[in-house]
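Just so it is clear, the values below take in all heavy atoms, side chains as well, and ignore hydrogens, waters and symmetry mates. In what follows, every chain begins at residue 1, and chains take the letters A, B, ... in the order their sequences are listed.
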Amino acid sequence: ETGVTQSPTHLIKTRGQQVTLRCSSQSGHNTVSWYQQALGQGPQFIFQYYREEENGRGNFPPRFSGLQFPNYSSELNVNALELDDSALYLCASSKHWDEQFFGPGTRLTVL
Amino acid sequence: KNQVEQSPQSLIILEGKNCTLQCNYTVSPFSNLRWYKQDTGRGPVSLTIMTFSENTKSNGRYTATLDADTKQSSLHITASQLSDSASYICVVRYLETAEYGNKLVFGAGTILRVKS
């Protein structure tokens, strides 16, 4: 166990809906990174939050947005869901640029 | 082209046998390379981490090698068990700089299935 938790575990949505995924970082960590992992692929970097500010972003459209709270937990929001958004969403926490520890993931299915 | 390439894409072996997974990378500047084990639908769990100066690192039945000159790494699994069935992902970290931070580059993974 890494101490990083994510909720919910599984989620089913329909096209066009909006979804919010949550991540609680490990104690002492101030940075959260979000990844999308399609079936059979390696994780793809979405963005990273450091001290409540976005600190780097991958090649994802603006409908993917996030937040980090003063306790360093984080949310990933996806608007106007598309079928291709179906994936395992992983968050990883770290102490700034130190090693990243991964949570168990949230499985999102878009119908 | 992905900066981290893994082979084979998938592998089936008999319980008790050994196997070797390969990882080639072009990430530069390089900080370290990790091998992760990922069970289906779960988060990745780190097996080994190797820096530029390390050639071999073991963790129980897992032994990783790194050749930083040729930018190649391998993960050798000895005496495989049914519980070794998972995806094994090679992850390379950029050297910590203002440009790259702690950015990670993931391979697509090798899916290993151990049969009895």
Chain B heavy atoms under 4.5 Å from [X]: which part of the residue, side chain, backbone, both or neither?
X: A:Q48; result: side chain
X: A:H10; result: neither
X: A:Y35; result: side chain
X: A:T9; result: neither

- Task: Over 60° means perpendicular and under 30° means parallel, so classify the ring planes of B:F106 and A:F102, tilted if in between.
- Result: perpendicular
- Message: Is the ring pair B:F30/B:Y25 parallel, tilted or perpendicular, if the boundaries are 30 and 60 degrees?
- Response: parallel
- Message: Given heavy-atom pairs under 4.5 angstrom as the criterion, report whether the side chain, backbone, both or neither of B:Q38 touches chain A.
- Response: side chain
- Count the heavy atoms of every other residue, nucleotide or ligand shown that sit under 6.0 Å from CZ of A:R63, and state whether that count exceeds 12. yes
- Would you mind telling me which of A:E52, A:R22, A:E75 makes a side-chain contact (heavy atoms from CB on, under 4.5 Å) with A:F69? A:E75
- Would you call B:R93 and A:E99 a salt bridge, taking side-chain N to carboxylate O under 4.0 Å as the test? no
- Choice from A:G40, A:G56, A:G42 maximising heavy atom contacts with chain B below 4.5 Å: A:G42
